[in-house]
Protein chains: 2
Amino acid sequence: MKAYDASAFEKPSVTVDLVIFTVTDGELKALLIKRGQEPFAGKWALPGGFVRMDESLEDAARRELEEETGIDGGMYLEQLYTFGDPKRDPRTRVITVAYFALADPSTVNARVTGHEQITDVKWFPAHSLPPELAFDHRKIIDYAVKRLKNKLEYTAVGFELLPTLFTLTELQRLYEAILREKLDKRNFRKKVEAMGILEKTSRMKKGVHRPARLYRFVRTKPRSTFSRVRFEGVR
Amino acid sequence: MKAYDASAFEKPSVTVDLVIFTVTDGELKALLIKRGQEPFAGKWALPGGFVRMDESLEDAARRELEEETGIDGGMYLEQLYTFGDPKRDPRTRVITVAYFALADPSTVNARVTGHEQITDVKWFPAHSLPPELAFDHRKIIDYAVKRLKNKLEYTAVGFELLPTLFTLTELQRLYEAILREKLDKRNFRKKVEAMGILEKTSRMKKGVHRPARLYRFVRTKPRSTFSRVRFEGVR
DNA sequence: ACAAAAGTGTTCCTAATACACCCATGA
DNA sequence: TCATGGGTGTATTAGGAACACTTTTGT
């Protein structure tokens, strides 16, 4: 019980690990860092780090997020799962609380800052990751991808991956990239408009062909029907 | 990064807390224990305890579960969320990984075993909990209730709360108790039969009126359509 | 024979799917 | 003027919701 003297127990280390997603070139990508130190030196791993004694888990995640991507706060962040296998870190007991984050590619500026132990930072397609990842990070990423796909079907989370203004086709491509399936243009638009979270702007995006209308994402007041709109099977 | 020397950091304590649900008397109930020690002496709290260095989080949860309820393994157990507010424990930094468990009431035998720090154990209706719970346990329970309700709508998790053989009315009452809404008998049966996870047995349950057929829950091979069956709005 | 719970079938309606054509622009 | 992506409407179908009556038993 809680009532036991906490100091009587040997304590595990606690870290947060981040699966930072973005979508570029029609592909879902995750940000990985190359480790410069043992264990798993030279292997790709999730960004993350130790939770400090005076910060909440989410604060820790957001701090690491900023350090790693150069984005200061505001990014979508959600707790994923806590991985606590006693052998997941070969050195000592480390329990990690995994988060996933969604980054609008236009704002992300991945970089190596401060961490001499990181020798490289790179976006990897979520479906062709390096074969050998550090720790149990492959498992964590796979889990995050599953959760993201699922979440996409019943929430408006996808907008986090787009700039403020976007066209419906861009939104559709985003969904297709994450779900890895083609969607029907007409049905997709019907669904997304039914959600009532799109605001038509007066601006148009010029391209080589007919200009496309730009939309903005608006968080509406909680609607009971909102969470029921799903993307499953929009084909 | 992971690469830092783990021992250089002060470590938080890590516990697991359990929201153990059952349904009796047409009500969803959660098992609470009365604390015999500070902090929160005399207050009701979730069962739980420190994670040992050599056991996984789930192992820790299952161990506590058995110690608290006298059920040896096999119970449905799912990781809920990890709560890590630095001030959630007034003494020291304690991060807790919350789990929720589902107990068939016929097998549960709540008791006080071994823990001199526990002065009482009791099932409380999830919707009328003691006003003052220890730590952030009210938040944890509320979250668990939300998750359970949600889970009920797209998985077969409800069967964990019933004995092996049950009638369809018993199953419906269970759903009604958790969702806190009346369901339409005909639609409920259609849905639940469409799930394809019920096996009609030849046995009947005798009562004061027309005997009811007893069913058994069968885990079918993974069916792609399975997860789409929902209970929302079965009214 | 009747009270009470078990059990079942049909209609209505909404939402999901599948599908094809016109529109506006730049080259 | 034509190639290309932008944009829209409709018919069909499946599933969710609403609803009422018959059956079986114990008393």
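Every chain is numbered from 1 and lettered A, B, ... according to where its sequence line falls, protein lines coming before strand lines.
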K.L.:
With respect to the side chain of A:Ala212, which nucleotide from C:dC19, C:dA16, D:dG6 is positioned closest?
P.N.:
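The listed nucleotide nearest to A:Ala212's side chain is D:dG6.
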K.L.:
Could you state the NZ-P distance from A:Lys182 to C:dT17, rounded to the nearest angstrom?
P.N.:
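Checked: the NZ to P distance equals 17 Å.
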K.L.:
Using atom CE of A:Met195 as one end and atom P of C:dA16 as the other, report the distance to the nearest whole Å.
P.N.:
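These atoms are roughly 11 Å apart.
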K.L.:
Quick one: is A:Lys191 getting a side-chain N or O under 4.0 Å of the C:dA15 phosphate, OP1 or OP2?
P.N.:
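Looking at the OP1 and OP2 atoms of C:dA15, neither is under 4.0 Å from any side-chain N or O of A:Lys191.
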K.L.:
Would you give the length of the straight line joining atom CG of A:Leu165 to atom CG of A:Leu214, rounded to the nearest 0.5 angstrom?
P.N.:
5.5 Å
K.L.:
To the closest 0.5 Å, what do you measure between CD (A:Glu58) and CG (B:Asp85)?
P.N.:
11.0 Å
K.L.:
Here's a test of your reading of the structure: between A:Tyr215 and B:Gly207, which maps to the more 5' nucleotide of DNA chain D?
P.N.:
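The 5'-side residue here is A:Tyr215.
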K.L.:
Is there a donor N/O on one and an acceptor N/O on the other, under 3.5 Å, for the side chain of B:Arg210 and the base of C:dA6?
P.N.:
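Answer yes: a donor N or O sits under 3.5 Å from an acceptor.
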K.L.:
When the distance from CD of A:Glu170 to C1' of D:dG6 is rounded to whole Å, what number comes out?
P.N.:
12 Å
K.L.:
Once the angle between the rings of A:Phe83 and A:Tyr143 is folded into 0 to 90°, is it parallel (under 30°), tilted (30 to 60°) or perpendicular (over 60°)?
P.N.:
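Because their plane-to-plane angle is over 60°, the rings of A:Phe83 and A:Tyr143 count as perpendicular.
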K.L.:
Write down the distance between CE (B:Met204) and C1' (C:dG7), rounded to a whole number of angstrom.
P.N.:
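Interatomic distance, CE of B:Met204 to C1' of C:dG7: 10 Å.
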K.L.:
Answer yes or no: side-chain N or O of A:Arg186 and base N or O of C:dA18 forming a donor-acceptor pair under 3.5 Å.
P.N.:
no
K.L.:
Using 4.0 Å as the upper bound for N to carboxylate O, is an ion pair formed by B:Arg138 and B:Glu132?
P.N.:
no
K.L.:
With a 4.0 Å cutoff (strictly under), does any side-chain N or O of A:Lys190 reach OP1 or OP2 of D:dG9?
P.N.:
no
K.L.:
Between C:dT17, D:dG7, D:dT25, which nucleotide gets closest to the side-chain atoms of A:Arg189?
P.N.:
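That would be D:dG7.
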K.L.:
Report, as yes or no, whether the 6.0 Å neighbourhood of atom CZ on A:Arg213 holds more than 12 heavy atoms from other residues, nucleotides or ligands.
P.N.:
yes
K.L.:
Taking only side-chain N and O atoms of B:Thr169, does any of them lie within less than 4.0 angstrom of OP1 or OP2 on C:dA6?
P.N.:
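Affirmative; the distance criterion is met.
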K.L.:
If each of A:Leu168 and B:Lys206 is mapped to the nucleotide of DNA chain D with the nearest heavy atom, which maps nearer the 5' terminus, i.e. the 5' end?
P.N.:
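Looking at the nearest nucleotide for each, A:Leu168 comes out on the 5' side.
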K.L.:
Could you give the CG-to-C1' distance, from B:Asp184 to D:dC21, as a whole number of Å?
P.N.:
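Rounded to whole Å, this separation is 14 Å.
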K.L.:
Report the distance from atom CG of A:Leu183 to atom P of C:dC19, rounded to the nearest whole Å.
P.N.:
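Answer to the nearest Å: 15 Å.
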K.L.:
Please determine, for the side chain of B:Lys185, which listed nucleotide (C:dA24, C:dC19, C:dA6) has the closest atom?
P.N.:
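The listed nucleotide nearest to B:Lys185's side chain is C:dA6.
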K.L.:
How many whole angstroms separate atom CD of A:Glu193 from atom P of D:dG7?
P.N.:
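Nearest whole value for this atom pair: 10 Å.
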K.L.:
Measure the distance from CD on A:Glu153 to P on C:dA16 and round it to the nearest whole Å.
P.N.:
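For the pair A:Glu153 CD and C:dA16 P, the rounded distance is 12 Å.
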